2 protein chains.
Amino acid sequence: MYVVVMSSTALHEPTFLILAALAEGRKHGYGLIAEAEALSDGRVTLRVATLYTALDRLRKEGLIAPAGEEVIDGRLRRYYELTDEGAATLTQEITRMEQLAARATIRLQHRPGFAFGWAGGAWA
Amino acid sequence: MYVVVMSSTALHEPTFLILAALAEGRKHGYGLIAEAEALSDGRVTLRVATLYTALDRLRKEGLIAPAGEEVIDGRLRRYYELTDEGAATLTQEITRMEQLAARATIRLQHRPGFAFGWAGGAWA
DNA sequence: TCGATATGTATCGGTGACTGATGTATGTTG
DNA sequence: CAACATACATCAGTCACCGATACATATCGA
């Protein structure tokens, strides 16, 4: 009998951005930094310390896997790719975010004094 | 001249749930625990240590404010409510989550080997 | 009546993800 | 030739979260 392990703990933003950046295909460390910055409209700059510790952690968890090494212009690139489990985790995280965002939006619209989008929004 | 302070750091899930739970109106500590559990379909149980340290932090940051105390059945209830700044932060966080979720979804659909939803989904 | 459970507040110490600083090496640019 | 960009990596510190614990009152079942 199998037991499905539900981690259920929400991903932190840097971790989410790494998985999302890898969804398109394999990338190396510095490529991930650029992709995460693009994904967040320049809001988030992945720090190298965050990146490499996260890559190591995610690899141990089986969400990503090494996908070859190349030397470009004399510099080593270590590539990573999403595993099927990583893609599943990302999908689950997306669902969580969408659902929470939708529910929070509804509650905000029920907020006492909510202005309904126009100035001085009283019913009369 | 005003400078808009962009915190830009993503909220952690417990913190987000507290703000979202308060969006409807004022609530007290244990009410927030119940509401957070409902918001997350029972996935997240706010821990009291997390709750009270978060309430204190959010109050200092001006995102929430005390909203009265009552004694119900001999037990004290301390109520909190969202400030306008807290509502703005929550709105911003919702936008962030929706945008990242949408972009991650697109990248997942571009994933090498993506099955397009049907079994053995090859074109040939 | 008495222990267990639920409600309600709060603190302490530990864990883990993130981050600033720093290190090493090579290629490019002014 | 110095500065900068690319590319790898580690260490120590911070901070939100969390398990454990504490205290008080009300309720419920044996």
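Not measured: the values here are computed from a predicted model. Naming: A, B, ... by sequence-line order, numbering from 1 per chain.
Closest-nucleotide positions on DNA chain C for B:Thr53 and A:Arg47 were compared, and the one nearer the 5' end corresponds to B:Thr53.
Between the OH atom of A:Tyr80 and the C1' atom of D:dA9 there is a distance of 11 Å, given to the nearest Å. One can place CG of A:Leu11 at 15 Å from P of D:dC17, the figure rounded to the nearest angstrom. Rounded to an integer number of Å, the gap from B:Asp56 CG to C:dT11 P is 8 Å. B:His12 places its NE2 atom 12 Å from the P atom of D:dC15, with the value rounded to the nearest Å. Between the CG atom of B:Leu55 and the P atom of D:dC17 there is a distance of 11 Å, given to the nearest Å. When rounded to the nearest whole Å, the span between CD of A:Glu13 and P of D:dA16 equals 15 Å. Protein atom CZ of A:Arg77 is 8 Å distant from nucleotide atom P of D:dC8, rounded to whole Å. B:Ile72 places its CD1 atom 14 Å from the P atom of C:dT7, with the value rounded to the nearest Å.
Distances from the side chain of B:Val48 to the nucleotides C:dT7, D:dT10, D:dT21 place D:dT21 closest. Looking at the side chain of B:Thr50, the nearest of the listed nucleotides D:dC17, D:dC8, D:dT21 is D:dC17. Of the candidate nucleotides C:dA17, D:dA16, C:dT22, C:dA17 has the atom nearest to the side chain of A:Arg57. Residue A:Arg75 places its side chain closer to D:dA5 than to any other of C:dA21, D:dA5, D:dA26.
Remark: the backbone N or O of B:Leu82 is paired with a side-chain donor or acceptor of A:Arg111 at under 3.5 angstrom. Side-chain N or O atoms of A:Arg103 include one that pairs as donor or acceptor with a backbone N or O of B:Leu39 at under 3.5 Å.
Salt-bridge formation is detected for the pair A:Arg78/A:Glu69: a Lys NZ or Arg NE/NH1/NH2 atom is positioned less than 4.0 Å from an Asp or Glu carboxylate oxygen. Between A:Arg43 and A:Glu13, at least one side-chain nitrogen of the basic residue sits less than 4.0 Å from a carboxylate oxygen of the acidic one, meeting the salt-bridge criterion.
Pairing each heavy atom of A:Leu55 with each of A:Tyr80, the nearest pair is CD1-CE1, 3.7 Å.
Residue B:Tyr52 has a polar side-chain atom (N or O) positioned under 4.0 Å from OP1 or OP2 of C:dT9.
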